[in-house]
Amino acid sequence: MKKLIRGLREFKSSYFPANEELFEQLSLGQKPRVLFITCSDSRIDPNLITQAGLGELFVIRNAGNIIPPFGATNGGEGATIEYAIQALDIQQIIVCGHSHCGAMKGLMKLDKLRVEMPLVHDWLKYAEATRRLVKDNYSNYEGEELLEIIIAENVLTQIENLRTYPAIRSKLHQKQLSIYAWIYQIETGEVLAYNPQQHAYVLLPNHLPPSEIDETLISPSLTSDGDIHFPTNQQSAVRLPKQIPSSEYEWFPMTELAPEQWERIYRGSKTNSETSN
């Protein structure tokens, strides 16, 4: 508390006076451009990792960056999503998972949480689709490698949950909304974005000079047809590896796998469903 109080005093004496005009503008209302959905983990700071200014991000944080499907609960997530889309007219949403996620570790051993942390157990049931997909399709993986996979798949699961909200479906149909799937790597500071063509997470093109980084290049977006697509003009900026990841663009997870394993690990249940059909 002493450290926090010192910080408050420094904010009031230094930062606030230097940015008084900004705070006057913010007092008149908020106009955030992005809804940023991420984990409550104390190691994640959306404004810090994106270098966004005050008032630019509208943030939802909870254990595991989970979005319950529409109608499943009357919790704050649904109300916040509805307000962001309808009242604030936000047109970009980022769902951001992160490495070493404690909630996803709990999802891997869900039954053990039932007695010790029943509320956590019940909350993680909203990620049951992630748990089942990983259980059925990634049985050959374990430990940290399996955790990386479940973190990556959960972001996509939560985007599917997000699409169940009427306001989201309507805006997607009108092509007035884009949704992005990100993974933040705590140990490297890198952000990986989902590429549906490769069914993989790749590094954002942060090597480009600021003048060449357009908003349409930052990551793939979810469109009204239910898929996630890169904008056409991104293809020239991001050339993905066909097999082994290069030093410039790396797939997720960050482990060495044989080329034939790369194909399987990112196709998940899609491969099985195609085979069964």
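All values below come from the heavy atoms of this structure, side chains included, with hydrogens, waters and symmetry mates left out. Residues take their numbers from the sequence shown, with the count starting at 1. Note that the structure is predicted; figures quoted are calculated from it, not measured.
Using a 4.5 Å heavy-atom cutoff, the side chains of D41 and H98 are in contact. Taking the side chain as every heavy atom from C-beta outward, L124 and R131 never approach each other to under 4.5 Å. Side-chain contact check for W182 versus I49: every heavy-atom pair is 4.5 Å or farther apart. Counting only heavy atoms from C-beta outward, the side chains of E144 and H100 approach each other to under 4.5 Å. Two residues are said to be in side-chain contact when any heavy atoms from C-beta on lie closer than 4.5 Å; L88 and L35 fail this criterion. Residues L162 and E77 are not in side-chain contact: their nearest non-hydrogen atoms beyond the backbone lie 4.5 Å or more apart. Within the 4.5 Å cutoff, the side chain of Y194 has no heavy atoms near those of the I159 side chain. Counting heavy atoms from C-beta on, the side chains of N62 and W123 come closer than 4.5 Å.
Sparse packing is recorded around CZ of R132, with 12 or fewer heavy atoms of other residues, nucleotides or ligands lying under 6.0 Å away. In E56, the CD atom is crowded: over 12 heavy atoms of neighbouring residues, nucleotides or ligands sit closer than 6.0 Å. A 6.0 Å sphere centred on CD of E116 holds no more than 12 heavy atoms belonging to other residues, nucleotides or ligands.
Although no hydrogens or angles enter the test, the distance criterion places a donor-acceptor pair under 3.5 Å between the side chain of N154 and the main chain of G64. Listed for the T38 side chain is a donor-acceptor partner under 3.5 Å among the backbone atoms of C96. Within the 3.5 Å criterion, the main-chain N or O of E142 finds no donor-acceptor partner in the side chain of E145. With hydrogens and angles ignored, the 3.5 Å screen pairs a side-chain donor or acceptor of R61 with a backbone N or O of I44. The backbone N or O of P166 lies less than 3.5 Å from no partner atom in the side chain of S170, so there is not a single donor-acceptor pair. Of the possible polar contacts, one joining the N161 side chain to the I67 backbone as a donor-acceptor pair under 3.5 Å is found. The backbone N or O of L172 lies less than 3.5 Å from no partner atom in the side chain of R163, so there is not a single donor-acceptor pair.
For the atom pair CG (L8) and CZ (F16), the distance works out to 13.0 Å, reported to the nearest 0.5 Å. In this structure, L203 CG and I183 CD1 are separated by 12.5 Å, a value rounded to the nearest 0.5 Å. In this structure, NZ on K31 lies 10.0 Å from CD on Q25, to the nearest 0.5 angstrom. Rounding to the nearest 0.5 Å gives a distance of 11.0 Å between CD1 of I151 and OG1 of T130. To the nearest 0.5 Å, atom CZ of residue R33 and atom CG of residue L57 are 10.0 Å apart. Atoms CD and CD, on Q91 and Q176 in that order, are 6.0 Å from each other to the nearest 0.5 Å.
Across all non-hydrogen atoms, the minimal contact from C39 to C101 is SG-SG, 4.2 Å. When every heavy atom of A152 is checked against every heavy atom of Y201, the shortest pair comes out as O-OH, 2.7 Å. Closest non-hydrogen pair, G106 versus L113, comes out as O-CD1, 3.7 Å. Between Y165 and G78, the shortest heavy-atom contact is CE2-CA, 3.6 Å. The heavy-atom pair separating T164 from F70 by the smallest distance is OG1-N, 2.9 Å. Across all their heavy atoms, L133 and Y138 have their closest contact at CD2-CE1, 3.6 Å.
Checking Q158 against N65 by side-chain atom types alone, no donor-acceptor pair falls below 3.5 Å.
Note: the hydrophobic cluster containing V34 does not contain L26 (ILVMFWY, side chain heavy atoms under 4.5 Å, direct or indirect links). When hydrophobic clusters are built by joining Ile, Leu, Val, Met, Phe, Trp and Tyr residues whose side-chain heavy atoms come closer than 4.5 Å, directly or via intermediates, L54 is not grouped with V59. Linking ILVMFWY residues whenever their side-chain heavy atoms come closer than 4.5 Å, directly or via other members, places Y83 and V95 in the same cluster.
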>> As a quick check of understanding, evaluate salt bridge (charged side-chain N to carboxylate O under 4.0 Å, His left out) for R114 and D111, giving each step before the final call.
In response: CA-CA 6 Å; R114 192 185 304 273; D111 288 341; 3.4 Å; yes
> What do the steps show when you test I5 against R9 for side chain to side chain contact (heavy atoms under 4.5 Å, CB included), and what is the final call?
Replying inline: CA-CA 6 Å; I5 291 172; R9 289 173 178 169; 3.9 Å; yes
> Passes side chain to side chain contact (heavy atoms under 4.5 Å, CB included), I81 versus I93? Steps please.
Replying inline: CA-CA 10 Å; I81 290 167; I93 301 176; 5.6 Å; no
>> Walk me through whether I94 and T50 qualify under side chain to side chain contact (heavy atoms under 4.5 Å, CB included).
In response: CA-CA 11 Å; I94 295 169; T50 62; 5.7 Å; no
>> Using side chain to side chain contact (heavy atoms under 4.5 Å, CB included), reason through V134 and M108 one step at a time and then give a plain yes or no.
In response: CA-CA 9 Å; V134 171; M108 294 169 65; over 6 Å; no
